[in-house]
J.: 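Structure below; questions to follow.
Predicted model, so just to flag it, every value in this text is computed and none were measured. Numbering of ligands and ligand atoms starts at 1, following listing order.
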Amino acid sequence: MDTDPEIDTDGWFDGALARPSPNCDERPPATTIDLLVIHNISLPPGEFGGEWIDALFRNRLDPDAHPYFATIAGLRVSAHLLIRRDGALVQYVPCERRAWHAGRSRFGEREACNDFSIGIELEGTDTQPFTAAQYHQLGRCARALRRRYPGITPERVVGHADIAPGRKTDPGPAFDWARLRRAL
Ligand SMILES: [Zn+2]
C-alpha cells in the first residue's frame, strides 16, 4: 500500500472495494474538478465497523435497526470514497460523476460544491483521533487525485465545515490538517 493508487478513465480507484451507489449523477457539462472535501461519518454515531455506511450510501439502511437510523434512512447521499478505521478504501461513486456529499455549500463565490468536488469520508467522529492507517490512505488518495485533477491545489483541499459553516462540523477538531498537508 505504499505506491499511490491508479485511477481509471471513469474515476474508479485501483485497490478500492467498489460498492456502487445510486446516489450520483452527471456533473454539469465541462466541469473542472478542482476541490477535495474531507468529511467524517460513523453509523451509529461514534461506532465503527459494520455495514451501516454502505447501507446508507446504497439506500438500504434499515430505519428500525437503530433509533438514529430512522432520522436519516430517507436521505439520498453518497461520497466518492470512504476510508475505514483500518485504512481500507471503499468507493461508491466514480470520480467523474457527481456524488451527493456536500449538500448546500459554498466555496468562495461558487455554490453547490458537489458539482466540482470529490468527497472523501473518513470513518470517525469530530472528536476522536483518526488512525495512522487512515492518514496514510488519505495521503495516497489525495496525491493520486491531485495528479488526475491538478486543479485540486493544497488550498483547495477543505473540510465539509469550511464549505457549509453553521450547518456541518466535519471532519472536526480531531482532524490533523497539518498531517494531511505534509502528505500532499
Ligand atoms: Zn460531511
J.: Can you tell which of Asp126, Asp170, Thr125 makes a side chain to side chain donor-acceptor pair (under 3.5 Å) with Asn40?
T.: Asp126

J.: Looking only at N, O or S atoms, which one in His160 sits nearest to the Zn ion (ligand 1)?
T.: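 Answer by atom name: ND1.
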
J.: So, 2.8 Å as the limit: is an N/O/S atom of Asp170 located closer than that to the Zn ion (ligand 1)?
T.: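 Short answer: yes, at least one N, O or S atom is under the cut-off.
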
J.: Would you check if the Zn ion (ligand 1) lies under 2.8 Å from any N, O or S atom of His101?
T.: no

J.: Looking only at N, O or S atoms in His39, which is nearest to the Zn ion (ligand 1)?
T.: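 Of all N, O or S atoms belonging to His39, ND1 is the one nearest the Zn ion (ligand 1).
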
J.: Main chain of Ile83, side chain of Gln134: is a donor-acceptor contact present, judged purely on distance under 3.5 Å?
T.: yes

J.: Just say parallel, tilted or perpendicular for the rings of Trp52 and Phe69, cut-offs at 30° and 60°.
T.: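 Taking Phe69 first and then Trp52, their aromatic rings sit tilted (interplane angle of 30° to 60°).
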
J.: Can you check whether Tyr149 and Phe116 have ring centres sitting under 6.0 Å from each other?
T.: no

